[in-house]
Amino acid sequence: MLPILHLNGYKISNPTVLSRIEHEELEQFIRGCGWIPYFVEGDEPEAMHQLMAATLEAAIEEIRRIQTNARVQHEITRPRWPMIVLRSPKGWTGPKVVDGLQIEGTFRAHQVPLLVDPEHPEHVQQLEEWMKSYKAEELFDQDGRLISELAELAPKGARRMGANPHANGGLLLRDLRMPDFHDHAVHVPSPGGVDAQDTLVLGSFLRDVAKLNQEQRNFRIFGPDETLSNLLGAVFEVTNRQWDARQVSNDEFLAPTGRVLDSMLSEHQCEGWLEGYLLTGRHGLFNSYEAFIRIIDSMFSQHASICRLMPIAYCQSSITACGVDTMSTWSWPESMRCRNG
């Protein structure tokens with residue numbers, strides 16, 4: 001993945017924070033997040049096209065170098081991946097000034113840059129000049145088709161973004177190998193006759209799920225540092241937390257590879273990880289306290305809506321279900337009191 005941060009200066013009617021801090025501070029911030037920034041800045045289209053092409057080439061070569069070191073040289077030190085910071089004017093190549101107000105390079109370009117209606121007939125000419133500035137006659141033939149030399153540049157087959165199997169996880173989906181749940185049953189001969197805990201049983205069950213799917217590596221557990229506190233620690237009998245930062249002698253269950261991602265205390269991050277993982281055709285579970293799981297309510301709802309529409313609107317294969325395990329459901333008021341107090 002090659003992230004591109006597009007800094008065009010504004011959002012709806014306000015400047016953006018990262019576009020207003022000094023260049024040095026922005027670079028320090030990005031490096032502090034673990035990336036190496038490549039800056040593409042300017043407002044001349046032809047020069048920017050060449051600069052962007054050269055920067056993309058350099059960034060991709062750096063990605064390949066990192067991958068080669070990991071796959072061939074078995075280098076496990078945490079790399080600093082490249083990312084691109086694209087700084088261009090808001091509303092770039094659009095109307096520069098309308099009715100005496102600057103549009104390009106201002107927040108106004110985020111809104112309707114040029115209103116064409118019966119009250120503004122003079123805008124028709126300006127709209128025509130704007131549209132003609134893109135020289136569509138050089139891009140399309142007499143029948144409105146993209147000229148062949150440009151069409152040939154487009155990726156084909158699975159190289160197309162929408163056809164890439166990694167963007168259509170249902171094509172890569174493999175069944176999750178499951179243990180026999182009977183093996184984890186708690187025999188209760190009489191009411192109150194057994195001392196057992198449901199999450200401890202779930203932990204041993206998830207341990208077996210992780211073990212059965214180690215070879216095909218298609219199962220992960222996500223959470224905001226609650227695997228042990230939710231009594232799912234049995235999973236650490238067969239796997240570790242994935243961790244590629246520095247380690248000290250008294251750390252537990254940290255390793256460069258592992259099927260548990262719970263080292264970041266952010267429900268949003270964990271839910272995002274899970275959703276992205278599922279979209280690649282794999283399986284996962286997100287566990288968190290009931291008091292805090294509602295933080296990602298809207299994320300979960302949006303993901304569910306997208307999954308419902310995927311086979312219909314996007315002609316994509318269905319992916320696996322999004323598993324969310326809510327813990328400590330009885331202690332919500334007390335948990336909130338402790339965190340807020």
Side-chain angles (χ1 to χ4, degrees), residues 2-23 26 37-56 83-156 159-164 167 298-299 301-303 305-306 308-316:
L2 177 59
I4 299 178
L5 172 62
H6 187 193
L7 289 182
N8 59 20
Y10 298 90
K11 40 190 182 288
I12 298 175
S13 60
N14 264 290
T16 57
V17 174
L18 294 183
S19 70
R20 290 296 179 92
I21 63 177
E22 297 302 320
H23 186 285
L26 175 62
Y38 288 64
F39 289 89
V40 177
E41 301 172 299
D43 57 9
E44 291 294 334
E46 290 299 326
M48 286 287 280
H49 281 309
Q50 295 300 322
L51 180 57
M52 187 65 172
T55 304
L56 282 170
M83 67 168 288
I84 293 176
V85 180
L86 171 61
R87 193 189 294 270
S88 64
K90 187 80 170 179
W92 194 24
T93 74
K96 296 186 181 299
V97 177
V98 176
D99 296 335
L101 295 175
Q102 184 180 345
I103 302 299
E104 186 183 72
T106 75
F107 67 89
R108 298 182 185 91
H110 191 97
Q111 302 162 22
V112 179
L114 189 63
L115 187 61
V116 179
D117 61 11
E119 284 72 41
H120 300 84
E122 69 281 5
H123 289 175
V124 174
Q125 178 64 31
Q126 199 168 0
L127 175 62
E128 182 179 4
E129 293 173 356
W130 176 19
M131 294 294 100
K132 286 186 175 180
S133 71
Y134 297 119
K135 300 179 181 179
E137 68 278 3
E138 298 179 5
L139 309 176
F140 301 92
D141 62 21
Q142 295 291 335
D143 297 319
R145 296 188 182 91
L146 188 64
I147 59 177
S148 58
E149 50 264 47
L150 292 179
E152 285 298 317
L153 298 176
K156 296 177 176 59
R159 290 288 184 178
R160 294 172 297 163
M161 186 179 295
N164 189 317
S298 60
M299 290 181 68
S301 298
Q302 186 179 45
H303 176 76
S305 297
I306 292 174
R308 180 176 60 86
L309 293 172
M310 279 173 61
I312 304 170
Y314 306 112
C315 300
Q316 293 194 343

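Atom set for the values below is all heavy atoms of this structure, side chains included, hydrogens, waters and symmetry mates excluded. Since the model is a prediction, treat every value here as computed from it, not as a measurement.
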Could you state the interatomic distance from CD1 (I4) to CG (L7), rounded to the nearest 0.5 Å?
-> 12.0 Å
Take T93 and Y134 through the side-chain contact (heavy atoms from CB on, under 4.5 Å) test and state the conclusion after the steps.
-> CA-CA 9 Å; T93 74; Y134 297 119; 2.9 Å; yes
What's the shortest heavy-atom distance between I103 and A109, and which atoms?
-> O-CB, 3.6 Å
Under a 4.5 Å cut-off applied to non-hydrogen side-chain atoms, are Q126 and P95 in contact?
-> yes
Which residues pass the side chain to side chain donor-acceptor pair (under 3.5 Å) test with R20, sequence neighbours left out?
-> Y10
Are D43 and M48 close enough that some pair of their side-chain heavy atoms sits under 4.5 Å apart?
-> no
Please name the pair of heavy atoms, one in L146 and one in L139, separated by the smallest distance, quoted to 0.1 Å.
-> CD1-O, 3.4 Å
Identify the heavy atoms of W130 and G94 that sit nearest to each other, and give their distance.
-> NE1-CA, 3.4 Å
So how far is it from S19 OG to K11 NZ, rounded to the nearest 0.5 Å?
-> 7.5 Å
From OG1 (T106) to CG (L101), nearest 0.5 Å = 8.5 Å
For R160 and P155, work out which heavy atoms get closest and say how close.
-> CG-O, 3.2 Å
Inter-residue atom distance L86.CG - W92.CH2, 0.5 Å rounding | 7.0 Å
Near M161 CE, under 6.0 Å, is it more than 12 heavy atoms from other residues, nucleotides or ligands?
-> no
Exercise: do S301 and S298 side chains pair donor with acceptor under 3.5 Å = no
Determine the minimum heavy-atom distance between F39 and L26, stating which atoms define it.
-> CE2-CD2, 3.9 Å
Look up atom NE2 in H303 and atom OG in S305, then write down how far apart they are to the nearest 0.5 Å.
-> 10.0 Å
Are the side chain of Q111 and the backbone N or O of I12 linked by a donor-acceptor pair below 3.5 Å?
-> yes
Pairwise salt bridge (charged side-chain N to carboxylate O under 4.0 Å, His left out) hits with a residue in residues 98-109, at least two apart | K96-E104
Determine, step by step, whether V116 and V124 satisfy the side-chain contact (heavy atoms from CB on, under 4.5 Å) criterion, reporting the C-alpha distance in whole Å, the side-chain angles of both residues, the deciding distance to 0.1 Å, and the verdict.
-> CA-CA 6 Å; V116 179; V124 174; 3.9 Å; yes
Would E46 and Q50 count as having a side-chain donor-acceptor pair, cut-off 3.5 Å?
-> no
Within the distance-only criterion (no hydrogens, no angle test), does the side chain of H123 pair as donor or acceptor with the backbone N or O of L115 below 3.5 angstrom?
-> yes
Residue pairs involving residues 131-146 (criterion salt bridge (charged side-chain N to carboxylate O under 4.0 Å, His left out); sequence neighbours excluded) | E128-K132, D143-R145
Do H110 and S13 have a side chain donor and acceptor closer than 3.5 Å?
-> no
For the atom pair NE2 (H6) and OG (S88), what is the distance rounded to the nearest 0.5 Å?
-> 3.0 Å
Heavy atoms only: give me the nearest E122-E119 pair and the separation to one decimal.
-> OE1-O, 4.5 Å
L56 and side chain to side chain contact (heavy atoms under 4.5 Å, CB included): which partner among L51, V40, L2?
-> L2
